[in-house]
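Everything on this sheet refers to the single structure shown next.
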Amino acid sequence: MKKRSVEELKEIARDLRKKVVTMLYEAGSGHPGGALSAADFVTACYFSEINVDPKNPKWEERDRFVLSKGHSCPVLYAALGKLGFFPEETLHTLRQEGSPLQGHPNMNCPGIEIPTGSLGQGFACAVGMAIGLKMDKKNSRVFAVLGDGECQEGEVWESAATANKYKLDNLIAFVDYNKLQIDGTTDEIMPLGNISEKFKVFGFETYDIDGNDMEQILDTFDKIRAIAQNGKPKCIIGHTVKGKGVSFMENVCDWHGVAPKKEEYEQAMKDLEEGF
C-alpha cells in the first residue's frame, strides 16, 4: 500500500465526494447523504490501509471490504474506479440497465465481495468471511461498514455475538454514526442508546472517533494494528455528518435518498471545490 499523507487522503476524499454527487446527478436517483458521510473512512481504507490488488480482485491474500449499508455504494464505486478496478468512465453508468454499478453492490462489479443492501446481512456475511479466513489460517482482515439505522436490525447483534464467540480479531467494523436515517433521527425512529458500550458488551474493542477526521481514522488504524491478534473483534464508532461537504445536505435527513437537480448539483460541486 502506497504511503500517503493526511492532506493527500483528504484530497482523495474530496474527489470521491465530487464523483458521488456527479454520479447521482447523472443517474437522477440514489443515496447521497450516507455516501458523503462515509467518504473519509472509505478513503482511509482503500488508499491507506487495506491490501487489495485492482489487477487481481480475487487475490486470495487480499483484505475484504463489505459495505453492509449497501445503498451508500456510490462512494465505494468511486474508490474502486479511482484505484483501477474498472475504467473510471464506468462511473457515468450508475443505475443504468446492464451497468455493473447498480443501486446496491452486486458481484458484477470488480472489487465487490458480496451483494449488500438488505440491512444487517452484509455484516453477517463479513463475520462469515472472517471465520473462513481464520479457518484457512490466513492473515487477511475483513472491514465492514454499517449504518447507524442498520444497527437497529437484530441480525447485526446476532452477528456481533458470533464475532465474539469465534474471537474474530481479524474483523474491523465501522459504524457510520451520522444519527439520521430515511425517516428522521435514529433517536426518533429507534434509539440506539450507547452504541459503543453495546459493542463493548458484545466483546468488541471499541473506538469512538470523529469519523470525518482523517487523522483520527488513521490513528485508530494504528491502534488496531498494535493489538491485532488479541482475540477481540474491533468496532470504530465514527461520529459523522450526513451529507458531509455539501452545505444544503449536511444534517438533513431528506437527502438520505434524493439525487440533486441541476442547480443543486452545481452548488454541491462548488461547495466541495471551495469549501463552505
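Quick note: residue numbers are just sequence positions, from 1.
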Practice problem: Kindly say whether F47 contributes a backbone atom to a donor-acceptor pair with the side chain of R4 at under 3.5 angstrom? | Solution: yes

Quiz item: Going by distance alone, is a donor N or O of one side chain under 3.5 Å from an acceptor N or O of the other, for K179 and H239?
Solution: yes

Quiz item: How close do S37 and K69 get, heavy atom to heavy atom, and via which atoms?
Solution: OG-NZ, 4.0 Å

Quiz item: Closest approach of A259 and G28, non-hydrogen atoms and distance?
Solution: CB-C, 3.5 Å

Practice problem: Could I get the full list of ring pair (Phe, Tyr, Trp, His ring centres under 6.0 Å) partners for F85, not counting sequence neighbours? | Solution: none

Quiz item: What is the distance from atom CG of L67 to atom CD1 of I112, rounded to the nearest 0.5 Å?
Solution: 7.5 Å

Practice problem: Answer whether the closest heavy-atom distance between the side chains of C253 and D183 falls below 4.5 Å. | Solution: no

Quiz prompt | Backbone N/O of Q121 and side chain of S118: donor-acceptor pair under 3.5 Å | solution = no

Quiz prompt | side chain to side chain contact (heavy atoms under 4.5 Å, CB included) assessment of V145 paired with F65 | solution = CA-CA 8 Å; V145 176; F65 183 97; 3.6 Å; yes

Quiz prompt | Heavy-atom closest pair, residues P74 and L24 | solution = CG-CD2, 3.9 Å

Quiz item: Any donor-acceptor pair under 3.5 Å linking the side chain of R62 with the backbone of P57?
Solution: yes

Exercise. Report yes if some heavy atom in the side chain of K234 is under 4.5 Å from a heavy atom in the side chain of T220; otherwise report no.
Key: no

Exercise. Grab the two heavy atoms, one from G193 and one from K198, that are nearest each other, plus how far apart they are.
Key: N-NZ, 4.4 Å

Quiz item: Please walk me through it: do Q181 and Q152 pass side chain to side chain donor-acceptor pair (under 3.5 Å)?
Solution: CA-CA 11 Å; Q181 56 193 104; Q152 296 160 351; 2.7 Å; yes

Self-check item: Flag, side chain of R17 to backbone of K244, donor-acceptor distance under 3.5 Å
Solution: yes

Quiz item: Is the closest basic N to carboxylate O distance between K18 and D271 below 4.0 Å?
Solution: no

Quiz item: Taking atom types as modelled and ignoring hydrogens, do the side chains of D176 and T240 form a donor-acceptor contact shorter than 3.5 angstrom?
Solution: yes

Quiz item: Looking only at heavy atoms, what is the nearest atom pair of G34 and S72, with distance?
Solution: C-OG, 3.4 Å

Practice problem: Determine whether more than 12 heavy atoms belonging to other residues, nucleotides or ligands lie under 6.0 Å from atom NZ of K167. | Solution: no

Practice problem: For S99 and R95, indicate whether the former's side chain and the latter's backbone hold a donor-acceptor pair under 3.5 Å. | Solution: no

Practice problem: Let me see the working for R225 and D222 under side chain to side chain contact (heavy atoms under 4.5 Å, CB included), right down to the final yes or no. | Solution: CA-CA 5 Å; R225 267 185 268 105; D222 288 342; 2.9 Å; yes

Self-check item: Intermediate values then yes/no, side chain to side chain contact (heavy atoms under 4.5 Å, CB included), L218 and S48
Solution: CA-CA 8 Å; L218 298 178; S48 180; 3.6 Å; yes

Quiz item: Would you say V252 and V246 are hydrophobically clustered, going by side-chain heavy atoms of ILVMFWY under 4.5 Å?
Solution: yes

Practice problem: Return the set of residues passing side-chain hydrogen bond (donor to acceptor under 3.5 Å, both in side chains) with E215 (not counting sequence neighbours), or none when no residue passes. | Solution: none

Quiz item: Any side-chain donor paired with an acceptor under 3.5 Å for S68 and E150?
Solution: yes

Practice problem: Ignoring hydrogens and angles, tell me if any N or O in the side chain of T162 forms a donor-acceptor pair with the backbone of E158 under 3.5 Å. | Solution: yes

Quiz item: Is there side-chain contact between T22 and M269, with heavy atoms separated by less than 4.5 Å?
Solution: yes

Quiz item: Taking atom CG of N139 as the centre, does the number of heavy atoms from other residues, nucleotides or ligands within less than 6.0 Å exceed 12?
Solution: no

Practice problem: Answer yes or no: does atom NZ of K55 have more than 12 heavy-atom neighbours from other residues, nucleotides or ligands under 6.0 Å? | Solution: no

Quiz item: Under the side-chain hydrogen bond (donor to acceptor under 3.5 Å, both in side chains) test, which residues partner R14, sequence neighbours left out?
Solution: E11

Quiz prompt | Pairing residues for F248 by the ring pair (Phe, Tyr, Trp, His ring centres under 6.0 Å) criterion, not counting sequence neighbours | solution = W255

Quiz item: Side chain of D63, backbone of R141: donor and acceptor closer than 3.5 Å?
Solution: yes

Practice problem: First locate atom CG of L180, then atom CG of D187, and finally report the distance between them rounded to the nearest 0.5 Å. | Solution: 10.0 Å

Self-check item: Which residues share a salt bridge (Lys or Arg N to Asp or Glu O under 4.0 Å) with E61, sequence neighbours left out
Solution: K138

Quiz item: Taking the side chain from T93 and the backbone from Q96, do they hold a donor-acceptor pair closer than 3.5 Å?
Solution: no

Practice problem: Go through the structure and list residues passing side-chain contact (heavy atoms from CB on, under 4.5 Å) with N251, not counting sequence neighbours. | Solution: V241

Quiz item: Of all residues at least two apart in sequence or in a different chain, which pass the side-chain hydrogen bond (donor to acceptor under 3.5 Å, both in side chains) check with E155?
Solution: none

Exercise. Quick one: list whatever passes side-chain hydrogen bond (donor to acceptor under 3.5 Å, both in side chains) with K232, sequence neighbours left out.
Key: none

Quiz item: Thinking salt bridges, do E205 and K200 make one under a 4.0 Å N-O criterion?
Solution: no

Practice problem: With rounding to the nearest 0.5 Å, note down the distance linking CD1 in I224 to SG in C235. | Solution: 9.0 Å

Exercise. Supply the members, apart from I114, of the Ile/Leu/Val/Met/Phe/Trp/Tyr cluster built from side-chain contacts under 4.5 Å; use none for a lone residue.
Key: V66, F123, V127, M129, I131, L133, M135, V142, L146, V156, W157, Y166, L168, L171, V175, Y177, L192, I195, F199, F202, F204, I237

Quiz item: Do the side chains of P105 and P115 get nearer than 4.5 Å, heavy atoms only?
Solution: no

Exercise. State plainly whether the residues K270 and E266 are in salt-bridge range, i.e. N to O under 4.0 Å.
Key: no

Quiz prompt | D213: salt bridge (Lys or Arg N to Asp or Glu O under 4.0 Å) partners, not counting sequence neighbours | solution = none

Exercise. Verify whether one side chain among N212 and D210 offers a donor that lies under 3.5 Å from an acceptor in the other.
Key: no

Exercise. Look at the side chain of T90 and the backbone N and O of P87, then say whether any donor-acceptor pair between them is shorter than 3.5 Å.
Key: yes

Exercise. Enter the distance from H71:NE2 to L119:CG here, rounded to the nearest 0.5 Å.
Key: 6.5 Å

Self-check item: Residues that Y265 engages under ring pair (Phe, Tyr, Trp, His ring centres under 6.0 Å), provided they are two or more places apart
Solution: Y25

Self-check item: Residue list, ring pair (Phe, Tyr, Trp, His ring centres under 6.0 Å) with F41, at least two apart or on another chain
Solution: F174, F221

Exercise. May I have the step-by-step check of side chain to side chain contact (heavy atoms under 4.5 Å, CB included) for E88 and K19, ending in yes or no?
Key: CA-CA 10 Å; E88 282 200 274; K19 286 180 167 64; 2.8 Å; yes

Quiz item: What is the minimum heavy-atom distance between L91 and Y77, and which atoms define it?
Solution: CD2-O, 3.5 Å

Quiz item: How many angstroms lie between CE in M23 and CD in E26, if you round to the nearest 0.5 Å?
Solution: 9.0 Å

Quiz prompt | Point-to-point distance, once rounded to the nearest 0.5 Å, from CD of Q216 to CG of D208 | solution = 10.0 Å

Quiz item: Does the side chain of T186 come under 3.5 Å of the side chain of D148 through a donor N or O and an acceptor N or O?
Solution: no

